[in-house]
Amino acid sequence: MKTFVACAAALVVTISSLAFADEQVQFNIVNLRVEQSREVVNDVMVVIMQATAQKNSSGEAAQSVNEIMGWADTIIAADQRVKHKTLNYQTRPIYQNKSVTGWTASQQLQLQSHDIEALTKMAGSLQQQLQIVSMGFQVSPERRAEELETLIVEALEAFNTKAKLVTRTMKANDYRLVNVSIDENGSPMPYRGVVQAEAMGARAAAPSVEAGESKLRVSVAGSIQLVF
């Protein structure tokens with residue numbers, strides 16, 4: 001019985017100590033947040049193009065689109081600076097008075113390159129038989145990672161500077177870091193546009209483009225405990 005009482009007393013003391021420690025953490029807590037951002041020049045261009053054919057049967061429409069895509073592959077293969085992949089492919093009937101009067105087939109092609117001039121020229125050539133659906137510019141993954149790494153360092157330094165400022169202003173002797181979190185809200189907002197006037201007015205002409213910039217952001221939020 002005495003042993004049980006001693007163990008119970010030790011347990012109570014331990015729990016009380018933990019509760020006291022938790023209460024200590026709650027005193028003199030200050031929540032801080034800082035953000036660092038940077039405009040980064042987009043270094044990747046993405047173009048979506050589409051081949052379309054309208055024929056009497058679905059087979060004829062599909063064959064026509066395949067021929068256009070084969071022609072496009074020959075042009076693309078000649079320049080290793082441009083990456084490409086095929087996207088949506090579909091065939092659909094054309095109705096008139098609830099009757100099928102023909103078929104339309106289409107397939108999209110995505111082109112991507114660091115060499116904006118080369119891709120712009122290629123898009124102009126491909127407009128002989130394909131239409132530009134959209135153009136986009138973005139920061140490459142490797143450059144994005146490099147820029148975010150720098151922003152993280154800057155944000156942490158800014159957090160530390162603000163923590164010291166609060167400590168001095170509040171007449172505290174020092175501070176302890178309670179918790180901190182880093183948010184890499186660095187998703188770029190790429191420029192996107194549809195080039196219709198160029199495609200209709202001069203199908204073989206290269207479209208006029210400008211890469212622009214994307215804003216990358218990193219925020220650091222956390223809590224410090226002031227020590228008096």
So His84 and Asp73, side chain to side chain contact (heavy atoms under 4.5 Å, CB included) or not? Walk me through it. CA-CA 9 Å; His84 72 286; Asp73 282 339; 3.8 Å; yes
Side-chain heavy atoms of Thr167 within contact of Met170, under 4.5 Å: no
Main-chain N/O of Gln225 paired to Asn28 side chain as donor or acceptor, under 3.5 Å: no
Can you name the residues that form a salt bridge (Lys or Arg N to Asp or Glu O under 4.0 Å) with Arg92, not counting sequence neighbours? none
Does a side-chain heavy-atom distance below 4.5 Å link Val40 with Arg143? yes
Value rounded to 0.5 Å, distance of CD1 in Ile182 from CG in Leu148: 11.0 Å
No-hydrogen, no-angle side-chain donor-acceptor test under 3.5 Å, Asn66 and Tyr89: no
Would a 4.5 Å heavy-atom cut-off, applied to side chains only, mark Val180 and Leu177 as touching? yes
Quick one: pull up CZ in Arg144 and CG in Asp43 and give me the separation to the nearest 0.5 Å. 12.5 Å
Name each donor-acceptor pair under 3.5 Å that joins a side chain in residues 52-59 to protein atoms two or more places apart or in another chain, with its distance.
residue : atom : partner : partner atom : Å
Thr52   : OG1  : Gln50   : NE2          : 3.3
Ser57   : OG   : Glu60   : N            : 3.2
Ser57   : OG   : Glu60   : OE1          : 3.4

Return the CZ to OG distance between Phe159 and Ser181, rounded to the nearest 0.5 Å. 8.5 Å
CD (Gln90) with more than 12 external heavy atoms under 6.0 Å: yes
Per-pair distances, 0.1 Å, donor-acceptor, side chain in residues 96-107, under 3.5 Å, sequence neighbours excluded:
residue : atom : partner : partner atom : Å
Thr101  : OG1  : Ile94   : O            : 3.3

Would you compute the distance between atom CD of Gln127 and atom CD1 of Ile132 and round it to the nearest 0.5 angstrom? 3.5 Å
Tell me which one of Gln131, Gln112, Gln108 satisfies side chain to side chain contact (heavy atoms under 4.5 Å, CB included) with Ile48. Gln108
Please examine the side chains of Thr120 and Met45, heavy atoms only from C-beta on, and report whether any two atoms are closer than 4.5 Å. yes
Is there a side-chain contact between Ile76 and Trp71, using heavy atoms and a 4.5 Å cut-off? no
Under 4.5 Å between any side-chain heavy atoms of Tyr175 and Val166, yes or no? no
Donor-acceptor under 3.5 Å (Glu149 side chain, Glu146 main chain): no
Please determine if Glu35 and Arg33 form a salt bridge, counting it only when a charged side-chain N lies under 4.0 Å from a carboxylate O. yes
Is any side-chain heavy atom of Phe137 less than 4.5 Å from a side-chain heavy atom of Ile116? yes
Side chain to side chain contact (heavy atoms under 4.5 Å, CB included), that's the test. Do Val46 and Gln138 meet it? Break it down for me. CA-CA 8 Å; Val46 180; Gln138 61 191 33; 4.2 Å; yes
Of all residues at least two apart in sequence or in a different chain, which pass the salt bridge (Lys or Arg N to Asp or Glu O under 4.0 Å) check with Arg81? Asp79, Asp115
Met49 CE to Met69 CE distance, which is reported to the nearest 0.5 Å: 10.0 Å
Is the side chain of Gln80 donor-acceptor paired with the backbone N or O of Ala77 at a distance under 3.5 Å, no angle test? yes
From Thr169 atom OG1 to Leu165 atom CG, the distance as rounded to the nearest 0.5 Å: 4.0 Å
If I compare all heavy atoms of Ser140 with all of Val44, which pair ends up nearest, and what's the gap? CB-CG2, 3.5 Å
Determine whether Leu87 and Val133 fall in the same hydrophobic cluster, where Ile, Leu, Val, Met, Phe, Trp and Tyr are linked whenever their side-chain heavy atoms lie under 4.5 Å apart. yes
Side chains of Val218 and Asp183: closer than 4.5 Å at any heavy-atom pair? no
Nearest heavy atoms of Asn42 and Ser214, plus distance in Å: OD1-OG, 2.6 Å
Give me the atom names and distance for the closest heavy-atom approach of Ala155 to Val34. O-CG2, 3.4 Å
Please determine whether side chain to side chain contact (heavy atoms under 4.5 Å, CB included) holds for the pair Lys83 and Ser113, giving the CA-CA distance in whole Å, both sets of side-chain angles, and the decisive distance to 0.1 Å. CA-CA 6 Å; Lys83 297 180 180 179; Ser113 180; over 6 Å; no
Only counting residues at least two apart or in another chain, list the ones meeting side chain to side chain contact (heavy atoms under 4.5 Å, CB included) with Glu154. Gln36, Arg38, Thr150, Leu151
What heavy-atom pair brings Leu32 and Ala163 nearest, and what distance separates the two atoms? CD1-CA, 3.7 Å
State which residues pass salt bridge (Lys or Arg N to Asp or Glu O under 4.0 Å) with Glu157; sequence neighbours excluded, sorted by chain then number. none
Which residue in the set Asp174, Asn31, Val30, Asn179 passes side chain to side chain contact (heavy atoms under 4.5 Å, CB included) when paired with Ile224? Val30
Decide side chain to side chain contact (heavy atoms under 4.5 Å, CB included) for Glu184 and Ile152; before the verdict, give the C-alpha distance in whole Å, the side-chain angles of both, and the deciding distance to 0.1 Å. CA-CA 8 Å; Glu184 299 179 26; Ile152 288 173; 3.4 Å; yes
